[in-house]
Number of protein chains: 2
Amino acid sequence: MEDIARAAGVSTATVSRALNKPDSVSGELRRKVTSKVRELGYVPSGAARALASNRTFTVGAVVPTLNNAIFAASIEAFEETLSKNGYTLLVTVSNYDPTHEVEQIRRLLEREVDALMLVGLDHHDDAWRLVERSGCPTVAIWGHAKNPAIPCLGFDNASAAAHAIDHLVELGHRRIGMVAGISDGNDRARARRRGVERALKRHGLPVDAGLFTERPYSHNDGRAGFAEVMDRNDPPTAIMCGNDVLAMGVLFEARDRGIAVPAELSVIGFDNLPITEQLSPALTTIQVPSVAIGTASANAIVAHLADGSPIHSQTFDAPFVLRGTTRAVP
Amino acid sequence: MEDIARAAGVSTATVSRALNKPDSVSGELRRKVTSKVRELGYVPSGAARALASNRTFTVGAVVPTLNNAIFAASIEAFEETLSKNGYTLLVTVSNYDPTHEVEQIRRLLEREVDALMLVGLDHHDDAWRLVERSGCPTVAIWGHAKNPAIPCLGFDNASAAAHAIDHLVELGHRRIGMVAGISDGNDRARARRRGVERALKRHGLPVDAGLFTERPYSHNDGRAGFAEVMDRNDPPTAIMCGNDVLAMGVLFEARDRGIAVPAELSVIGFDNLPITEQLSPALTTIQVPSVAIGTASANAIVAHLADGSPIHSQTFDAPFVLRGTTRAVP
DNA sequence: TTGAAAGCGCTAACAA
DNA sequence: TTGTTAGCGCTTTCAA
């Protein structure tokens with residue numbers, strides 16, 4: 001920066017101003033400075049800037065995984081709008097491990113991110129403590145609560161899942177199983193399962209533990225879940241799934257066993273992955289507003305950082321997508 | 001840090017050492033310092049550390065998109081091994097726009113990343129210039145070249161695609177079409193297409209431009225590509241695809257048109273997405289070493305940053321995965 | 001509108 | 001092994 005100042009015949013303060021608040025510098029000097037900057041290929045030091053201004057123009061995120069199209073889409077949208085506003089994204093993955101998440105949060109806080117994004121509202125005590133002590137503006141995405149500890153931009157996983165059950169019950173299904181995601185340490189998966197159980201009760205149907213199983217995130221896990229639930233002497237006539245990947249696993253296993261969907265079995269997914277509409281029959285599922293959440297949370301953060309405007313929780317819709325894998329019980 | 005020093009009755013230098021090079025401090029003081037750190041919830045300032053040490057322990061990456069399972073997997077692996085070694089990942093997406101990529105690179109360089117990861121070897125002149133002037137250690141992934149301008153960890157897209165064509169020719173196919181990805185500004189897509197064209201020539205087959213089409217990355221693009229190539233009076237008996245998403249689009253369109261695969265048409269994909277083995281028939285494709293590339297490039301960067309060991313280009317295997325969508329020409 | 005100068009919170013010589 | 005001290009390269013008062 002000193003080189004620029006010397007070359008332009010001004011002080012370093014003027015160089016700094018010309019770069020950061022161009023309006024506070026006369027046109028002539030501004031031009032002189034920017035031309036020298038280009039000429040000398042000057043790239044300012046983010047570290048020095050951060051130290052002096054106490055802003056890094058960096059936002060941190062810790063996500064459970066990137067190997068999930070829905071998260072990836074959300075993060076991409078998040079990054080895109082951050083980037084448009086001059087921020088850069090530090091991403092970190094927790095692998096659904098709360099302890100590891102704490103480490104990742106600490107790492108991001110050490111990097112002095114201007115804000116932090118977390119997935120869900122289920123976190124280790126140390127994570128909450130860390131966030132609170134740091135004073136770093138933090139938002140949660142993907143979750144839902146009346147009074148979340150931090151602003152949360154998400155949707156109501158439980159009631160979305162419940163709507164799917166309503167649909168099944170309307171179609172006459174009485175024995176409904178669920179291949180859920182692993183709910184331990186995952187409030188989204190837990191909410192989806194809870195939503196299903198509550199809806200069942202509301203309709204006066206029994207919640208048969210033998211009809212519920214939890215599985216990790218792969219097609220083969222879906223197949224295995226299907227096998228467990230169907231290999232009973234009184235198998236369900238419909239299966240609700242914790243996500244589309246599990247639902248597709250269910251579909252694949254049904255296909256291989258010669259069980260016709262939806263004629264003999266109804267199946268519902270959750271997420272509305274692009275491929276689900278291409279399947280035949282196309283998967284009935286629930287659409288998750290992943291891009292909207294990513295964009296909205298980035299916008300909220302940017303606005304907050306710009307002028308202190310408060311970050312409000314937002315609840316997005318997660319509409320039911322009726323397609324071909326559900327039908328009235330035979 | 002001064003608070004810690006005061007509380008522990010030592011100098012700030014000792015605090016710094018106790019935290020960064022524990023071995024250079026006596027056990028007693030080290031314990032005293034770390035206990036005060038915990039007690040006071042001290043979090044070091046990355047900016048100050050970066051300014052003083054000229055290291056940010058941060059690595060930047062600019063990827064075309066995260067909405068591609070293969071990239072996402074690679075980035076996740078990359079992040080995981082960086083993280084294990086104390087580095088944090090700054091990600092940025094270019095949307096396949098070379099000019100935007102330059103901006104993203106500049107942004108990462110301003111953040112003073114210790115190293116940079118780029119996808120492919122096709123970049124704007126300004127990108128190369130920027131990287132070179134900065135002196136920032138940079139690796140490319142996903143590409144392949146004899147003498148790349150920067151170390152490149154990838155695989156030979158062209159010859160992998162060529163092998164697929166060899167297979168088709170062996171099966172007796174003579175009219176082979178291709179639904180390729182958009183090759184403009186994408187050396188991977190271009191290499192795949194070139195590999196196909198060269199293999200065709202090598203086998204003495206004509207390269208019929210009407211049998212080739214380029215499409216973006218979605219199932220519907222694959223369907224449209226299929227339509228274009230098949231709606232000729234002399235349609236191909238086999239279609240090679242630039243990636244699995246396009247290949248699935250081709251499969252879906254064939255299914256909807258009542259064209260039996262592989263009986264009437266052979267189809268080959270590229271990427272080996274998890275779902276391709278679940279389809280019926282399962283997709284014949286090419287496996288891309290996405291996780292290996294992510295892990296290896298992170299390891300190479302970490303090693304280089306630790307002791308200056310040079311980063312060598314590496315070529316990974318991209319094996320042909322023979323499954324059910326290819327068959328001898330009728 | 002511009003410049004001088006005092007830090008921002010660390011690390012890394014160098015000395016002790 | 002520990003402490004002293006001089007920066008790292010900016011931003012930001014404060015004065016001019």
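Lettering follows sequence order; numbering is per chain, from 1. Because the structure is predicted, anything quoted here is derived from the model rather than measured. In what follows, every heavy atom counts, from backbone to side chain, and hydrogens, waters and symmetry copies are set aside.
Here the nucleotide nearest the side chain of B:A52, chosen from D:dG9, C:dT11, D:dT11, is C:dT11. Each of D:dT4, D:dT11, C:dC10 was ranked by its minimum atom distance to the side chain of B:S11; first place goes to D:dT4.
As rounded to whole Å, 14 Å separates atom P of C:dT2 from atom CG of A:L19. Between B:R17 atom CZ and D:dG3 atom P the separation is 8 Å, expressed in whole Å. To the nearest angstrom, P of D:dC8 lies 18 Å from CZ of A:R49. Look at CD on A:E28: it is 8 Å from P on C:dT2, rounded to the nearest Å. At whole-Å resolution of the value, CE in B:M1 and P in C:dG9 are 11 Å apart. Nucleotide D:dG3 holds its P atom 14 Å from the CZ atom of B:R6, rounded to whole Å. The nearest whole Å value for the distance from the CD atom in A:E112 to the C1' atom in D:dC10 is 14 Å. The distance between atom CG of B:L51 and atom C1' of D:dC10, rounded to the nearest whole Å, is 8 Å.
Checking the phosphate oxygens (OP1, OP2) of D:dC10, no side-chain nitrogen or oxygen of A:S16 falls inside 4.0 Å. At the phosphate of D:dC8, neither OP1 nor OP2 sits under 4.0 Å from any side-chain N or O atom of B:S53. Of the side-chain N and O atoms in A:K21, one or more sit less than 4.0 angstrom from OP1 or OP2 of D:dT12. Taking 4.0 angstrom as the limit, A:T14 places a side-chain polar atom (N or O) nearer than this to OP1 or OP2 of C:dG3.
Annotation: of the two residues near DNA chain C, A:A13 and B:T12, the 5′-most nearest-nucleotide partner is A:A13.
Using a 4.0 Å heavy-atom criterion, one finds that B:N20 contacts the sugar-phosphate atoms exclusively. Heavy atoms of A:V15 sit nowhere under 4.0 angstrom from any nucleic acid atom.
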Kindly indicate, with the supporting measurements, whether the criterion side-chain contact (heavy atoms from CB on, under 4.5 Å) is fulfilled by B:E101 and B:L118.
CA-CA 9 Å; B:E101 189 187 43; B:L118 265 24; 4.2 Å; yes

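Side-chain polar atoms of A:S45 and B:E112 form a donor-acceptor pair below 3.5 angstrom.
The pair B:E39-B:K36 meets the salt-bridge criterion, with a side-chain N (NZ, NE, NH1 or NH2) lying under 4.0 Å from an Asp/Glu carboxylate O.
By the 30° and 60° cut-offs, the orientation of the rings of B:Y87 relative to B:F57 is tilted. Taking the six-membered ring for Trp and thresholds of 30 and 60 degrees, A:W128 and A:H123 have ring planes more than 60 degrees apart, a perpendicular arrangement.
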